[in-house]
Protein chains: 2
Amino acid sequence: MLSDPIARTRRFHRAVTTEAGVLDASFLGRGRPLGPARVLNAIGRGISDIGEIRAYLRLDSGLMSRLLRGLEEEGLVTVESSETDARRRSVALTEAGAAEFAAYEALSDKQAADIVARHPHPEVLLQAMDIVATALGFERTTIEIVSPLDPRAIVCLEAYYAELARRLKSGFDVNLSADPEARDMEHPRGAFLLAMQDGMPIGCIGLKGTDKGYAELKRLWIAPTARGMGLAQRMMREAEAKARDLGIACLRLDTNSVLSDAVAMYHKLGWSEIERFNEDPYPDLFFEKRL
Amino acid sequence: MLSDPIARTRRFHRAVTTEAGVLDASFLGRGRPLGPARVLNAIGRGISDIGEIRAYLRLDSGLMSRLLRGLEEEGLVTVESSETDARRRSVALTEAGAAEFAAYEALSDKQAADIVARHPHPEVLLQAMDIVATALGFERTTIEIVSPLDPRAIVCLEAYYAELARRLKSGFDVNLSADPEARDMEHPRGAFLLAMQDGMPIGCIGLKGTDKGYAELKRLWIAPTARGMGLAQRMMREAEAKARDLGIACLRLDTNSVLSDAVAMYHKLGWSEIERFNEDPYPDLFFEKRL
DNA sequence: GAATTTACCTGACTTTAGTCAGAAATATTT
DNA sequence: AAATATTTCTGACTAAAGTCAGGTAAATTC
């Protein structure tokens with residue numbers, strides 16, 4: 001009973017679905033039926049194309065149309081034909097609509113804050129929620145190419161630096177390391193890949209172009225609560241594919257032997273150990289892969 | 001973003017509610033609307049009194065009545081007047097109804113198994129789910145008095161012994177310890193209290209009657225994923241209250257100094273350290289409280 | 001340029017969920 | 001014994017969600 005995976009999972013389901021009644025409360029808390037509330041929130045989250053909203057919420061086209069008419073009559077949204085394809089239509093929030101969406105957001109935030117506040121050790125609960133969210137939503141993980149200066153990228157990089165400082169015996173000071181310049185990790189010299197899931201960044205990797213006949217993979221980091229799911233390998237493969245797209249023939253990376261899981265993965269993915277190729281004080285292992 | 005409690009909680013919510021679409025699938029997966037499916041499952045879980053089902057599912061009496069008629073017409077349930085109060089009615093599954101309920105159970109089990117099977121490290125996910133379930137459902141925790149031979153009690157006791165064996169330097173062999181006899185922990189000599197939440201035992205404590213002028217508290221255990229929530233204190237208080245009900249004037253307990261959290265709690269709850277009062281090899285600290 | 005497809009809309013419909021007032025039978029209180 | 005309360009049922013209703021068969025206009029294919 002305490003160890004049976006099925007009993008435990010079903011108990012989890014019971015617990016969250018009773019709690020999910022509360023979630024619906026945040027969607028029903030403004031005196032509007034669930035249908036229009038869901039559509040309004042989809043628009044607020046940035047989906048403007050009607051067809052996309054329909055697919056996202058799995059609504060029949062007739063129903064969708066009526067829900068939109070309702071929101072239009074409330075003065076919350078405006079609908080107009082798309083410029084590129086006059087059959088398609090796109091929706092935007094009016095000022096009143098934006099205010100209404102903000103009110104829904106405030107309700108959801110409050111509800112989230114309440115859940116955390118009830119717990120005597122919030123960080124324990126939050127980490128558990130991260131693990132569950134990552135596991136349940138793993139197939140929804142997308143890998144985006146963003147600027148290394150994107151706030152979501154910076155969040156990951158800071159977590160990466162903090163972890164290195166914790167794990168390396170010598171500590172880690174980003175100023176002593178050769179921190180890649182942003183434009184070396186942007187098109188056309190390189191790229192910065194971010195793993196996103198349900199709106200949360202859970203991993204990153206940088207592809208840094210150089211003028212030395214090879215490019216480097218830098219800043220591979222996976223959120224602790226997302227480890228063990230094979231995401232690092234996926235990020236590596238995507239980064240290698242991106243390098244090929246950019247016409248890069250040779251990749252290098254440096255790492256520290258403390259990060260034994262990473263080292264094992266590099267071997268597994270066909271990387272070969274080579275001689276030190278830079279003067280950075282932190283790495284002690286160096287790899288290369290020809291594409 | 002990575003550390004913001006609200007963003008993390010909302011991401012969790014999104015992840016589980018998209019997944020909860022799957023949950024509904026287990027209730028909708030047999031071609032029956034949600035209403036009758038919920039009623040059938042409530043009956044299957046052992047609630048037979050119509051009024052109780054109504055309260056449990058929060059259904060209007062008219063709606064309830066109609067849903068039951070529907071299930072009756074399907075040949076899944078039989079309704080008859082209660083013997084003690086002819087106004088009340090109680091429901092039972094027919095053979096076909098029991099089969100249908102079993103089919104729903106199989107769907108839920110399969111869904112639970114799928115979630116676990118998808119994860120490369122199931123135990124990590126399961127522990128996280130336990131923590132979340134405990135946190136979200138904490139107000140639903142009930143403390144029941146059961147026989148120490150109840151399977152749910154035995155599950156807890158085995159976890160307790162396993163943990164002692166792990167934490168005590170000398171190991172722990174239940175055969176060398178003075179294991180209380182079941183009838184010393186049953187009415188009228190004592191009691192065995194079990195903390196249950198959403199169908200899962202998450203803690204226990206035994207009140208053991210003796211003929212020596214005092215009773216003992218034994219086998220206090222809280223599931224690791226439920227610790228830090230104050231449940232141990234609640235169990236202690238309930239056990240003390242139960243002791244008072246049984247006319248017990250003095251309580252004792254023994255413990256080991258390794259279990260420092262427990263020792264701190266005993267002090268906090270007004271227990272005083274006393275001299276060794278038994279020859280059990282494992283404890284090295286002894287407490288007493290007069291009621 | 002005619003035929004087909006796509007995207008959205010409209011109107012007519014069904015199903016599901018839920019509400020409410022009152023009826024009937026039984027229990028409880030006075 | 002009468003009055004009141006409780007439990008369930010029935011009928012008449014509403015709201016919300018969802019379905020389906022066209023219809024229109026624009027885009028795409030042949």
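Labels below follow one simple rule: chain letters A, B, ... track the order of the sequence lines, proteins then strands, and each chain is numbered from 1.
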Q.
Whether Glu72(A) and Arg69(A) form a salt bridge (side-chain N of Lys/Arg under 4.0 Å from carboxylate O of Asp/Glu) is what I want to check.
A. yes
Q. Leu93(A) versus Phe101(A): any side-chain heavy-atom pair under 4.5 Å?
A. yes
Q: Carefully, step by step, assess Arg38(B) and Leu59(B) under the rule side-chain contact (heavy atoms from CB on, under 4.5 Å).
A: CA-CA 11 Å; Arg38(B) 294 212 305 155; Leu59(B) 291 175; 4.2 Å; yes
(Q) Can you list everything that forms a side chain to side chain contact (heavy atoms under 4.5 Å, CB included) with Met229(B)? Sequence neighbours excluded, please. (A) His119(A), Pro120(A), Phe138(B)
Q. Can Arg10(A) and Glu105(B) be counted as an ion pair, charged N to O under 4.0 angstrom?
A. yes
Q: Take atom CG of Leu34(B) and atom P of dA17(D), then tell me their distance rounded to the nearest Å.
A: 14 Å
Q. Under 4.0 Å between a Lys/Arg side-chain N and an Asp/Glu carboxylate O for Asp114(A) and Arg118(A)?
A. no
(Q) What I'd like to find out is whether the side chain of Thr141(A) reaches to under 4.5 Å of the side chain of Arg234(A), using heavy atoms alone. (A) yes
**Q.** Arg89(A) bridged to Glu80(A) by N-O distance under 4.0 Å
**A.** no
(Q) Is the phosphate of dT10(D) approached by Arg69(B) (side-chain N or O, under 4.0 Å from OP1 or OP2)? (A) yes
Q.
Side chains of Met196(B) and Ile202(B), heavy atoms from C-beta outward: is any pair under 4.5 Å?
A. no
**Q.** Interface limits on DNA chain C, where chain B has a heavy atom under 4.0 Å of a nucleotide atom
**A.** dT16(C) to dA27(C)
Q. Hey, are Asp130(B) and Arg11(A) close enough for a salt bridge, meaning a charged N less than 4.0 Å from a carboxylate O?
A. yes
**Q.** Which residues share a side chain to side chain contact (heavy atoms under 4.5 Å, CB included) with Thr94(A), sequence neighbours left out
**A.** Thr78(A), Ala96(A)
(Q) Give the residues of residues 73-94 of chain A touching DNA chain C, defined as any heavy atom closer than 4.0 Å, sorted by residue number. (A) Arg87(A), Arg88(A), Arg89(A)
Q | pair Gln127(A)-Arg8(B): side-chain heavy atoms closer than 4.5 Å | A | yes
Q: Using heavy atoms and a sub-4.0 Å distance, could you list which residues of residues 46-65 of chain B are near DNA chain D? By number, please.
A: Ile50(B), Gly51(B), Ser61(B), Gly62(B), Ser65(B)
Q. What residues in residues 35-44 of chain A put a non-hydrogen atom under 4.0 Å from any atom of DNA chain C?
A. none
(Q) Before you tell me yes or no, could you show the steps for Ile205(A) and Met236(A) under side-chain contact (heavy atoms from CB on, under 4.5 Å), namely the whole-Å CA-CA distance, both residues' side-chain angles and the distance that decides it to 0.1 Å? (A) CA-CA 8 Å; Ile205(A) 190 168; Met236(A) 287 288 289; 3.7 Å; yes
